[in-house]
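The block underneath contains the structure these notes are about, expressed in structure tokens.
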Number of protein chains: 2
Amino acid sequence: MSSEDITRVAVSTVILSLKREPGDEHASVVMPLVRRVRDPFEGRWALPGGWLDVHEGLDAAASRTLAETTGLSPSYLEQLYAFGAVDRSPTRVVSIVYWALVRADEVEQAHPQENVAWFDTADLPPLAFDHDEIVGYALWRLRSKVGYSRIAHGLLPGEFTLAELREVYEAIFGRRLDPANFRRQVENSGNLIPTDRFRTGSHRPARLYRYNREVELADRGPLTHGLAPAPLPSESSRS
Amino acid sequence: MSSEDITRVAVSTVILSLKREPGDEHASVVMPLVRRVRDPFEGRWALPGGWLDVHEGLDAAASRTLAETTGLSPSYLEQLYAFGAVDRSPTRVVSIVYWALVRADEVEQAHPQENVAWFDTADLPPLAFDHDEIVGYALWRLRSKVGYSRIAHGLLPGEFTLAELREVYEAIFGRRLDPANFRRQVENSGNLIPTDRFRTGSHRPARLYRYNREVELADRGPLTHGLAPAPLPSESSRS
DNA sequence: ACAAAAGTGTTCTTTCTACACCCATGA
DNA sequence: TCATGGGTGTAGAAAGAACACTTTTGT
């Protein structure tokens, strides 16, 4: 059996976060990429990922590559798509691709890794393999899913103001939203719980909200294995 | 390298169609299953599928297994999910699962295959592997997607009445819909083109409509490779 | 003529949207 | 006190649900 006669399985992850530039109009969606040091597409940027271990589930592999690349645990992790065109790589590779959200404040605290850099998704370099297409699909999925789901909270810390949450939506949608209407929509959705704490510093203090964990249902369907929109249990801590 | 040290890739397909029993209240969603003749779960019913050939794309493999099982070409075919838990099979198998819709009239004309039987999805036997979970997910996806997409047409022939289309929605949702409101909704969606032909036979003749192929966009996102909601090109005819 | 399905109209409710307006704090 | 973002009110538009009503066929 020559090496061209086997199909290998890889797992990659599109990791998304938010970054607000000081003078910018609104925040931008950013993602980490890994510079390839081996032959196919050497020197090009690619999605973080690796080969699937025989004793490792798909979700666990995604969490592992995410931890190896960013040192973070995702606040949201979901399978995106399986890419398996015959000519997408010199050898036959089927890539199970996940996408994940990490909080902006956690990204700032993490220490940078070797050969890893964060890019604005609106200004990406040409990527290795078919990773351009994959990233495009992930961003499309983020935009469409943020409309009917509450994954936007995955980009924020535990407590946040409505203005911060609105800023996330505006960054993803790329347009301004009416603060008054936005408030009502998200308040009536039942996903937010108001705290008695306030964010002070600028003008009138803004009430801090937190995420309602009771309402997890009716979104991802029957596939709710171990993957939770809340911080992952301990899949990446299997030493 | 022993056989336990490799991960194999399989492709399975949840094939869905509609069947209207003579005396029944409304039509039911049906799917073909294959009786296993080999060791793991021998005798149990399972999803149609097979091993991924090294020179075969994922989409092509799904089309192939669909043709082998039913002799039909799908009117809709989409990747569902990749299942890869370590313990889902005695050996390590990652299954890329697709789901497909075939038209009821085509199913009736097709000649039955060996070891293949059609089941009502509301009354399924226990399936092999984790196929129960997979089918449950596919049905959930069908129900949620029929609400904001127009895949329901994939279960009907080229021309159909609004009552027939409504019957599809009622079977999938499992509840009655107001004929008047249903008509307006689907007429205003711009997805249907009225023809000048009518279906006669019962009472007042009903106008026949057909599917508007111009409006394919804004649904499945950037992933519109060769897979089309319209009948597939010739992926399964690669002799 | 009558039953039954096709197709139209009307009303009420809910939701979205635009925008005016008041409130509370830092400077 | 004034600028600014936090927060509330409200009126019109759009969309959805319920249901009465008219039209056209087979029997």
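The structure presented is a predicted model; accordingly, all values stated were derived computationally and were not measured. Per chain, numbering begins at 1; letters A, B, ... match sequence-line order.
- Comparing Pro179(A) and His203(A) by the nucleotide of DNA chain D that holds the closest heavy atom to each, the one mapping nearer the 5' end is His203(A).
- For Arg183(A), a side-chain nitrogen or oxygen approaches OP1 or OP2 of dG7(D) to under 4.0 Å.
- Between the side chain of Arg199(A) and the base of dG6(D), no donor-acceptor pair under 3.5 Å is found.
- A donor-acceptor contact shorter than 3.5 Å links the side chain of Thr65(A) to the backbone of Ala62(A).
- The distance between the ring centers of His153(A) and Tyr76(A) does not fall below 6.0 angstrom.
- Between Trp99(B) and Tyr137(B), the distance separating the two ring centers is not shorter than 6.0 angstrom.
- With rounding to whole Å, Glu164(B) atom CD is found 11 Å from dG7(C) atom P.
- dG16(D) atom P lies 13 Å from atom OH of Tyr169(B), rounded to whole Å.
- Closest to the Phe198(A) side chain, of the nucleotides dG7(D), dA18(C), dA18(D), is dG7(D).
- Here the nucleotide nearest the side chain of Asn181(A), chosen from dT10(C), dC19(C), dA6(C), is dC19(C).
- If you check every strand for non-hydrogen atoms under 4.0 Å, Ala163(B) touches sugar and phosphate atoms only.
- Atom CG of Leu192(A) is separated from atom P of dG7(D) by 12 Å (rounded to the nearest Å).
- Here the C1' atom of nucleotide dT14(C) and the CD atom of Gln185(A) are 13 Å apart, to the nearest Å.
- In this structure, CZ of Phe182(B) is placed 15 Å from C1' of dA5(C), rounded to the nearest angstrom.
- Candidate nucleotides dT10(D), dG9(C), dG7(C) were compared by shortest atom distance to the side chain of Arg207(B), and dG7(C) ranks first.
- Nearest nucleotide to the Pro205(B) side chain, out of dT24(D), dG26(C), dT8(D): dT24(D).
- In this structure, Glu170(A) atom CD and dG5(D) atom C1' are separated by 13 Å, rounded to whole Å.
- Side-chain proximity of Thr200(B) to dG26(D), dT10(C), dA6(C): nearest is dG26(D).
- For Arg204(A), the listed nucleotide lying nearest its side chain is dG5(D); candidates were dG5(D), dG7(C), dT10(C).
- For the pair Asp178(B) CG and dA6(C) C1', the interatomic distance rounds to 13 Å; values are reported in whole Å.
- Between the side chains of Tyr211(B) and Glu159(B), no donor-acceptor pair is found at a separation under 3.5 Å.
- Taking the six-membered ring for Trp and the full ring otherwise, Phe182(A) and Tyr169(A) have centroids separated by under 6.0 Å.
- Spacing between atom CG of Leu208(B) and atom P of dA5(C) amounts to 18 Å, rounded to whole angstrom units.
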